[in-house]
Structure formats: structure tokens, C-alpha cells
A.B. asks: 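Here it is: the structure, laid out below.
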Amino acid sequence: MQFSRANWKRLRLTGDQRNVCYPHSLQFYLEPPSESISLIEFESLAIDRVKLLKAVENLGVSYVKGAEPYQSKLESEIRRLKFSFRENLENEYEPRRKDHISHFILRLAYCQSEDLRRWFIQQEMDLLRFRFSILPKDKIQNFLKDSHLHFEAISDDEKKLREPEILASSPSLSGSKTDWESESVYKIPFADALDLFRGRKVYLESGFAYVPLKDIVAIVLNEFRAKLSKALALTARSLPAVQSDERLQPLLNHLSHSYTGQDYSTQKNAGKISLDQIDSLSTRSFPPCMRQLHKALRENHHLRHGGRMQYGLFLKGIGLTLEQALQFWKQEFIRGKMDPDKFDKGYSYNIRHSFGKEGKRTDYTPFSCMKIILTNPPSQGDYHGCPFRHSDQELLKQKLQSYKISPGGIHQILDLVKGTHYQVACQKYFEMIHNVDDCGFSLSHPNQFFFESQRILSGNKDIRKESIQPETPQPKPGVQKAKDASSALACLNSSLEMDMEGLEDYFSE
Amino acid sequence: METFDPAELPELLKLYYRRLFPYAQYYRWLNYDDIYIRYQSFNNQSELEKEMQKMNPYKIDIGAVYSHRPNQHNTVKLGAFQAQEKELVFDIDMTDYDDVRRCCSSADICSKCWTLMTMAIRIIDRALKEDFGFKHRLWVYSGRRGVHCWVCDESVRKLSSAVRSGIVEYLSLVKGGQDVKKKVHLSEKIHPFVSKSINIIKKYFQEYALVDQDILENKESWDKILALVPENILSQGHFYTLQQNFPKYHNSLQRWEYLMKAISLQDSTKNDKCGPCLEWEIMLQYCFPRLDINVSKGINHLLKSPFSVHPKTGRISVPIDLQKVEQFDPFTVPTISSLCRELDAISINDEGKEGNEAESDTKRRTRVSYKKSSVSPIINSPWIQPRMDQSGKLINLPANRSQIFIY
């Protein structure tokens, strides 16, 4: 697959023509986009959608879907990120186009593993469900028709004929006269309404299911899920070709491990932590992943490479200087009967390296939650990773009990873990140990946990100078950060255009 | 009825396949060009006949139609050899009702409990026809203690495993194993499937449950019924009163009416469910069909073929006439030995002294066809609804059908 750099195909649409492209505020993403956009826009669209999907996830576990305040919070989030959601608004072309393109870009990033696919599909479904729920009644039929879903509404006479049976079958119908009059009922082949008829939640007659509008949504969503799942599998097959494009590869990898907040690499707090505070800090303000690493280090006087990287960079992020770090690790390793010379030769180099004082002098950034959860899973003898992701349920339960978390809290945490909401589970842990109802932030980085914890414990002093809102990483010209895709982009000529038509083939058979 | 001795089976089977097996109807029912046996294949009916007569299979099970000829499955790329279509089948087995029948248990059946099968056929067949719109349904006696249903509509044969499971779920109301006392729970809204099924059960309930099964005959049996009544409807005090008063009545019918009155008096105040719900829940637990989901959901699942001989009872798996379900009596179904004896009798009467005295039994039997035997009216009754398209042409389908002969 060649990306043609020569054929710039720009779509310049004006006025009504633009609305024809996107007649609805929502869509099933059946057709891939075919215009050209800059790599900068490519990345920013994708990052915005990741933020949106993360917000969908967070809201989905914190509030009841479909009710207030979920509905209004989600709407404001969509509005804030400038995505489309409502019909009948002016100037909807840009948000709809953004919605369209960003979805397809994320397919490239999230098709790569079963976990990523599952997450992506779940959030996209929740987003679609929300948008469908605010679609005005008269727009629904048009939308369904345009999406090639053949659900025909039955006539009023047919409806009247079957009124008692349909009312007795459909739990979603309240039975009130006004509701019944206004509700459309659709006739579809029974096999298309599997989730409804298997539980006897719909009226069947001669092989057809008589489905009220409310239940049509469930069917539509299942259709969507099936199609998206298939599409992701197809996309995954084409991925090797996509990844061989040097412009895209760092970007796509970054996206799926995407962290879109502070990177905690700047040493604002340098020198403010003393070594003898670490033990008590580990129980009060460290997230469980770091707490367990610290405990393992103290007990075994050693940590393997994965643990040293994860914990060492975290310590740097909370403010340890290089000198403190060297002292800290050396002290502990020597307790494990390590020869001081061996430490100096083998380990201190690596510590200096991670502070950017050796070799190519990259100042490594502390790992984000996504990175810890998704990469380098721990094996026997390792203590790194995310306890919510990598510990089995029993062990996790014991650990939480030893941390004196209440049984109710443990139960909630385990439920969240079962639903694979690891970071939200960690937020719950935060709330329990700090005795607050709402942690007030969306956890995505262990250092963020530490920072927020210190904030609460110190009574909110000294926070005005710290910026606590997650920021989009700005390209930092000149600074080489291998893992930061935005800087990778900055190194590239930003006038390079991306011909998205070339990508079309990855999305279709 | 003559007794059946399994030891005679090999000899009897030889004769059965030679003279009694209704190849023409069987072939038409499957309605296929080719039938594959043990990964062999047959181009026409006479080849099938010859092979079956040669093999005299002990048991015939029917499986799926495959993407390729089963006998070539080894030459096909891994994963490409797939089951593509198969009839939707149901298996209703009397042993699944052991907790609610008092006359028999396990493999035994009698005329008192056979009504369960009658009700099952009526309820399931109505739903398959009226709710799901299935047209080609064949009900067959399994040969021992239950019935099977084969649904052969073209669209049905292609249904996925998930949809088949869904159909069984739709048809299921009795849930729970030995450790669950109350197996039927109805909700506030009664789905038309449930109400129609209850109307069918009502026709049989008094005769079947209150007379034949006598479910309120004595303390042991009525305690079981009382265990199904939730405490928020009848308090401990009420239960005690009922138990004291039951012996004063003479039979189950009277006790049932008394029980229903007692429930309805309490109902309106304490229960937020529909009025007659509890009565229906008890009726359903004692009478509603119990399906084995595994039989129906698997496209690869094998099921015993119609017209097979049951190896333990010798009975032929005969079709059941839907017009005469109530009259069907499993104990009058011919066994293979009775059929063979019939053939002997017919040939002696017909042929008189014709034929050599020295002619062996086998040879004599082979000259007489099944058409005169008692299985003949079963075969000739209109149980097959041939699959025809709009113009009346018999639909022929290419078939890579798997069929296992066990011998």
C-alpha cells in the first residue's frame, strides 16, 4: 500500500454540500474517510477521541447510564471536545467530520489486541447509545433507513390488532394509553431479535418479532457491535502494512498506550522529599503498584529490572534527586549482602541513565497507568505491573485486607476489576484510604495519585502553582523524547500531508 | 405384547432392513441427492438401500450437512470442513420429570405419565408453528421414554447455534435442578406464550394431575405442593391449617380447590403479582415440557433417526400423527420382533403351501414386504409434509450429510 504523496485530493465543500456528506449527528461508520489531512490534525483528532472515549468509560462506571447526571455530563464532555452529538444544530459539519475521521484512526490503533478491541468496542457502543437516546423521534426512522437497517414500522391497524399481546410481552412498554399511542412498533424477523425473544421480552407471531422502538435500540447496538468487531479483525490483518509506514507507526503505538496528561518528568518537586519519609509515604500516598514495589524492595533488598524501572522513575517523579536515588538503592541493595562495588559497577550506571545523565541522555518519564497496565506484564519473581490488572482476585483481596480497606470497599474494587476498570478501581482505593467520597480526578498516572494524595493530606496548600488539569502534550521542538509521539511528529516536516484515501483499503474487504 | 429379546437383534435387523424399512419415505423425508454414511456417499436411494442391507446397522444417527463430502474431510484444509446446516431438533425425555411424576421413575413409563408427552407435544408444536412460523415439523416416538421433534424448514436448517439456544430459552419455563424446590417463577406481565401454554395444560390438568398422578393424595405428596407456596402468601399458621384440613377431603380434586381458595383469599393483600399466578406456577412445574438445550443448540449434534430400532426395547421410532396425539400409545408401537412374527404369519397365510417346505425362514420372509405389516399404516399416514416450493416441485438439495451407522 503506497501513500501517494503526489496526489493531493482535497475535498473542498461548501454550504449545503457539506451537510450532504454527514446528514446525521451520529453514524455507524460504514464508510472510511477519503480526504487528506495533515499529520498534525491526524494526531490531534485521534487524541481528542481517546479523551472522549476515556470520559465515556469513566462516566459509565461512576454513574448510571441513560439517566441524569450521566446524560448531561457526557453531553458536556462531547461538547467540550467538539464532537458531534445533536441534530438540528448549525455548523455541524466540522464536528461530524471530526467524529468520522477520528473513529477510523482509532480503529488502526485499537485493533491490535483482544483487550484493546474489547475496550474500544465497549466505549464506542456506549457513545452510540447515548447519541441515539437523544435523537428526536422523527429523525430515527430516517437515520435507520440511511444506515440500511430494514426495520419497518407496522400500521396503526396492525398495532391495534395485537395490542394486548404486544403490551403483555414488552417490558419496555409501560401500558399507559398515551405511551402506546405514540410508540412505533417494528416488525422484524425473529432471528434478528435474539436478545429479546430468548428472554420472552417481545411478542412473536409467525416468525416475526413485534418490537417497540425502545427495544430497537438494543438490536441496533448489537448490529453495530457485530459489524465493528468484524471490521477490527479485518483491519488487524492489514496492520503490518500500516505499521511499516514510519509516519504512522510511532503515532499508533502511542495512541493505544495513550496517556494524555502530564508526564511528571519536570523536576518541580526535586529535593522536597527526604529518604526517611519514603516508608511512611508508601503507605499513605503511594498507589498500590508502587506500595507493593517498595515493600518488596524493603523485604528482599532487591528488585528486578522491570520493578526498578517502574519504581525508580516514579521516585524521580515524586521528587527524588539523582543523588538521593543512588543512595536509596545502594543502601537497600547492600542490606541484601550485595557488594558495594558491584552496585557501583552494575546498577548505579542504570540509575544515572534513567535520570538522563548517561548515554543518549534521554530524561525518561515515569510510566503512566496505561503503560504499566498494557506493557511488560510481570512474571514469577516480579513485583511491577498494576495489582488491579495483574494480581489474581484472591491475592488482590488479601492485599487490600492487609491495607485495612473495608469489606464493602474491597467488594466494590473487585467488581470494578471484574469489569476491567483498573484505574477506576485504583481511584476507589484512593477514596478509601483518604476517606473521601469522590477523589475528584480521573486517574491515569501513578505520580498523579501521589500528587493528589499529598494535596489532600497537606490541606491543599501549595497547589496554586501546580497545574492539575491534564494537558495535551505540545510538541517540544528540539527535545528528543523517543516515547512521546508528539515530539516524533515535531521532528517530521509538518507540511507532509496524509492521504487518507490510501488507508481506505485497510478498513474494507 | 410379545416380549423383546435383545439377543435376537442381529438376526431381526437383517430382516428389518431387507423388508420393513421404508426407504422411499425415508429418502423423501431427507429429500437429498446423496447421503453419506461413515464418510461414504450414495448417489441414489438404491445405493443407500444396498448398503444398509449389507451393514444392518445397530443404530442410525443423523448429523449435519457439511461443506464438503464427509468422506473427503481429510483432504480439506483445516477449518474449512464445517457443518453448514442441520434440522432444528428437540428431545423430550421422561426422566427429566422424575421430580414430578409419582407413578414411575427413570426409564419406566406408563399410561399415567405419558400424558406429559402429549402436553409437551401440544405446547411446543403450537409455539413452533404459531410463534416461530415453522412449517415442517416431524414428531417421532423415541422408542423408549420420550419424543423427538425435527424441524426441517429451509431457513431453520441454517440457523446458528446461538439462535437455536435462544429458541430453547424461549420455550423454557422450568428452571433448576435437584436443589431447587420452586422451579417456575412468573413475572407481573404474562407473555402470550406462557398464557397459551397454560390454556393447553388446563385441558389435561384435572385428569392427569389430580386423578392419574393424584398429586394431593397424602401428606408426603401435598407437602411437596405446599413447599411451592411462598411464605408471604401463606403464613406458617395458614400452612398448619391446610395440613390439618387436607385429610378431611376425599380426593386430590377437592383438596386442590380448597388450596386454591385459601391462596386467593390471601393473595390480594400481600402479593403484588397477578392473581392466579401461583396456581399457574404449580401447574407449570408439574406439567410444562422440559427440554434438553444441548440437543437443540449444537449444529453438530447427532440425533437418533426416525425408523431406527431402539436397541433396548426393540421398538421402532415411529412418527406421531399430530391429528391424533391423544390417541398415541407407546405400548402399541411395534417392536422389531413383533413385526417379524407378523411377517411370518402373513407369509404363511398368503402363500399357503406354496414354496418349498425346506425353504428357510429367512428366504420366506424376504418375499413378503412391509406393506402388509402393522407398521404400514404408520408409514402411509400423511406424516411427511414434502418440502415443495411454490410451483409444487419437490425441492432437492445437494447434501453432504453425515450419518453415523453404528454396528
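A note on names: the letters A, B, ... follow the listed sequences, proteins ahead of strands, and every chain is numbered from 1. Only this structure's heavy atoms are used, side chains among them; waters, hydrogens and symmetry mates stay out.
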A.B. asks: If you count the non-hydrogen atoms of other residues, nucleotides and ligands that lie under 6.0 Å from NZ in Lys129(B), is the total more than 12?
C.D. replies: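 No, the 6.0 Å shell around NZ holds no more than 12 heavy atoms from other groups.
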A.B. asks: Nearest heavy-atom pair of Leu194(A) and Val163(B): which atoms, and what distance?
C.D. replies: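 Heavy-atom minimum between the residues: CD1-CA, 4.0 Å.
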A.B. asks: Less than 4.5 Å apart, side chain to side chain, heavy atoms only: is that true for Ile167(B) and Phe190(A)?
C.D. replies: yes
A.B. asks: Can you establish whether the number of heavy atoms outside Arg225(A) located under 6.0 Å from its atom CZ is more than 12?
C.D. replies: no
A.B. asks: Which atoms of Val194(B) are under 4.5 Å from chain A, going by heavy atoms: the side chain, the backbone, both sets, or neither?
C.D. replies: side chain
A.B. asks: Do Asp131(B) and Phe197(A) have side chains that approach each other closer than 4.5 Å (heavy atoms only, starting at C-beta)?
C.D. replies: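 No, every pair of side-chain atoms sits at 4.5 Å or beyond.
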A.B. asks: More than 12 non-hydrogen atoms from neighbouring residues, nucleotides or ligands closer than 6.0 Å to CD on Gln323(B), yes or no?
C.D. replies: no
A.B. asks: Taking atom NZ of Lys397(A) as the centre, does the number of heavy atoms from other residues, nucleotides or ligands within less than 6.0 Å exceed 12?
C.D. replies: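 Result for NZ/Lys397(A): open.
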A.B. asks: Does atom NZ (Lys183(B)) have a neighbourhood of more than 12 heavy atoms from anything else shown, all under 6.0 Å?
C.D. replies: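 Check passes, neighbour count above 12.
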A.B. asks: Do His191(B) side-chain atoms and Val202(A) backbone N/O form a donor-acceptor pair below 3.5 Å?
C.D. replies: yes
A.B. asks: Which atoms of Phe193(B) are under 4.5 Å from chain A, going by heavy atoms: the side chain, the backbone, both sets, or neither?
C.D. replies: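 Just the side chain, heavy atoms under 4.5 Å.
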A.B. asks: Report which part of Ala127(B) has an atom under 4.5 Å of a heavy atom belonging to chain A: side chain, backbone, both, or neither.
C.D. replies: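 Neither part; nothing is under 4.5 Å.
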A.B. asks: Would you say CD of Gln178(B) has more than 12 non-hydrogen atoms from neighbouring residues, nucleotides or ligands within 6.0 angstrom?
C.D. replies: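 No, not enclosed.
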A.B. asks: Any idea which of Gly199(A), Pro164(A), Gly207(A) has the most non-hydrogen atom pairs under 4.5 angstrom with chain B?
C.D. replies: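 Ranked by contacts with chain B, first place is Gly207(A).
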A.B. asks: Which answer fits Pro171(A), side chain, backbone, both or neither, if we ask what part of it has an atom under 4.5 Å from a heavy atom of chain B?
C.D. replies: backbone
A.B. asks: Might you point out which heavy atoms bring Arg200(A) and Leu173(B) nearest each other, and give the distance in Å?
C.D. replies: NH2-CD2, 3.1 Å
A.B. asks: Non-hydrogen atoms of chain A under 4.5 Å away: do they reach the side chain of Ser172(B), the backbone, both or neither?
C.D. replies: backbone
